[in-house]
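Worksheet: one structure, shown below.
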Amino acid sequence: MFQHFGDPGKMKDYHYTGPVEHKFSPYAFNGGTVLAVAGEDFAIVASDTRLSEGYSIHSRDSPKCYKLTDTTVLGCSGFHGDCLTLTKIIDARLKMYKHSNNKTMTSGAIAAMLSTILYSRRFFPYYVYNIIGGLDEEGKGAVYSFDPVGSYQRDTYKAGGSASAMLQPLLDNQIGFKNMEGVEHVPLTKDKAVQLVKDVFISAAERDVYTGDALRICVITKEGINEETIPLRKD
Amino acid sequence: MLLVHHTFSKMALASVLSGDSADFSFDSSQSFAFGGGPGPSGLGLEGTPGDSLSFSVKNPLCVGDDDGVERKIEFLHGTTTLAFKFQHGVIVAVDSRATAGSYIASQTVKKVIEINPYLLGTMAGGAADCSFWERLLARQCRIYELRNKERISVAAASKLLANMVYQYKGMGLSMGTMVCGWDKRGPGLYYVDSEGNRVCGDLFAVGSGSMYAYGVMDSGVRHDLTVEEACELGRRAIYQATYRDAYSGGQVNLYHVHSEGWTRISQDDVLVLHHQYKDQA
């Protein structure tokens with residue numbers, strides 16, 4: 001039997017000879033979800049610990065909460081490379097402030113500074129979704145949420161990262177009492193808030209492929225920062 | 001040539017931001033290659049220059065991914081803001097929704113920036129662009145006050161802002177703002193945007209919901225309105241815009257600028273206003 005090489009429709013060669021367009025992107029999407037809740041005298045910052053890229057999981061133990069000061073924790077998700085660089089820069093700036101002004105930066109000041117750090121890269125942004133959780137100067141819980149180029153505002157609660165669109169409506173309902181009529185607005189206690197955060201992340205792990213493995217919760221009170229790790233779905 | 005211009009502009013931005021901080025900017029040639037520099041003209045805004053800003057900015061920064069899904073880095077956009085002059089000063093009314101693509105990132109954004117006790121700036125377009133440049137404007141206004149021992153005029157403040165952003169024209173900034181205040185010439189209202197427009201006027205509406213707001217405002221505005229009537233007009237105009245524009249919503253924040261400065265009049269949730277107007281009709 002002889003093969004018909006030139007026969008159209010039967011056997012095709014798989015060589016493509018010609019210019020090929022390669023695309024290099026400086027960014028990657030590493031997944032992960034971050035959440036922060038502010039209470040009367042506490043703040044909670046929580047994140048999952050899965051680091052993924054495409055269909056792979058790079059690590060099951062890569063938390064996205066970074067302790068900045070004794071009263072402030074930063075959660076960042078998005079592109080892990082930019083998260084690392086950004087946290088290094090923030091740490092350096094915190095030290096510089098401490099040395100020049102002989103005091104630790106307050107949560108509000110860190111938020112304002114982060115806004116200008118992010119905006120300095122307006123034309124080649126840090127691909128990071130940041131949420132800062134901490135205590136303000138009066139000891140009340142504060143949450144500041146950012147967009148990748150530095151727009152920020154103070155909130156009571158915020159979800160960021162890959163499952164944010166799933167979690168935010170749930171928080172709106174449970175903490176903000178939105179879309180509920182005739183319900184008493186009970187202020188959130190610390191234990192209830194921690195339980196809510198755990199439930200919310202379990203839901204996120206069910207429906208978002210980039211969220212899972214474990215949940216790291218940082219609870220910030222005037223006594224200090226208490227960290228807790230609980231397992232989530234690993235699939 | 002383009003590279004040099006970009007380097008210069010990046011340095012301008014960097015010099016504005018450095019203070020006592022170290023210079024963490026990367027080599028600018030690196031960012032130029034990835035579309036960070038000036039692209040084809042009109043990279044930022046859709047529509048003709050001077051057109052009302054629909055603020056659906058095409059994002060040049062896309063994230064390629066292994067699973068083939070192109071994830072855009074979403075900035076916050078979409079809004080309705082308005083301001084108009086009348087006999088007792090200037091009324092400024094804004095909504096409070098911020099969107100990132102089709103996701104509503106926040107319903108409680110403060111789109112009126114309090115530059116100083118007698119000057120207000122509104123925010124439409126890129127949230128970070130507006131808040132950053134208006135914060136810088138506040139700093140410049142304060143420096144003017146210290147140097148000249150007198151308050152800055154609305155015309156001068158708006159000119160400072162316009163000149164600041166003109167250097168970045170074509171680079172993708174998205175900002176449509178109204179500078180409102182009261183100076184020795186009386187009430188002042190200027191519209192400034194990132195395309196380089198700066199116009200003085202008696203009434204403006206800016207943002208994706210501006211057309212709806214214009215309809216309501218134009219049919220009700222008169223020079224001899226009372227403060228109450230003017231506030232209600234501004235409130236109603238924003239409410240109607242939030243009703244029809246998907247990218248506007250949340251709350252209506254109302255300010256009144258008068259000879260003593262500005263006053264925050266009210267903050268009303270759009271859902272509550274809806275029931276109120278329904279019962280009225």
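Computed from a prediction, not measured in an experiment: that's the story for all the values here. Within every chain, numbering begins at 1; the chains are lettered A, B, ... in the order of the sequence lines, protein sequences first and strands thereafter.
The neighbour count for A/Glu21 CD, taken as heavy atoms of other residues, nucleotides or ligands under 6.0 Å away, does not exceed 12. Environment of CG in A/Asn102: sparse, with no more than 12 heavy atoms of neighbouring residues, nucleotides or ligands closer than 6.0 Å. Within a 6.0 Å radius of NZ in A/Lys192, no more than 12 heavy atoms belonging to other residues, nucleotides or ligands are found. By the neighbour-count criterion of 12 heavy atoms within 6.0 Å, atom CG of A/Asp70 is sparsely surrounded, having that number or fewer from other residues, nucleotides or ligands. The environment of OH in B/Tyr243 is sparse: at most 12 heavy-atom neighbours from other residues, nucleotides or ligands sit within 6.0 Å. In this structure, B/Tyr166 places its OH atom where only 12 or fewer heavy-atom neighbours from other residues, nucleotides or ligands lie under 6.0 Å away. Surrounding NZ of A/Lys178 are more than 12 heavy atoms belonging to other residues, nucleotides or ligands, all under 6.0 Å away.
Taking both residues in full, the closest heavy atoms of B/Lys110 and A/Gln153 are given as N-OE1, 4.4 Å, listed atom of the first, atom of the second, then distance. The two residues A/Ser151 and B/Ala127 make their nearest non-hydrogen contact at OG-CB, 3.2 Å.
Side-chain contact between A/Val149 and B/Phe132 is absent, with no heavy-atom pair separated by less than 4.5 Å. Between A/Phe123 and B/Leu173, some side-chain heavy-atom pair lies under the 4.5 Å cut-off.
Contact annotation for A/Asp155: only side-chain heavy atoms (C-beta onward) come within less than 4.5 Å of a heavy atom of chain B.
Between the A/Arg122 side chain and the B/Gly172 main chain, a donor and an acceptor come within less than 3.5 Å of each other.
Within the model, atoms OG of B/Ser131 and CG of A/Asp147 stand 8.5 Å from one another, a figure rounded to the nearest 0.5 Å. Of the inter-residue distances, the one linking B/Thr108 atom OG1 with A/Arg154 atom CZ reads 12.0 Å to the nearest 0.5 angstrom. A distance of 8.5 Å separates CD of B/Gln107 from CG of A/Asp172, quoted to the nearest 0.5 Å.
At a heavy-atom separation below 4.5 angstrom, chain B is approached by A/Ser164, A/Ala165, A/Gln168 within residues 162-171 of chain A.
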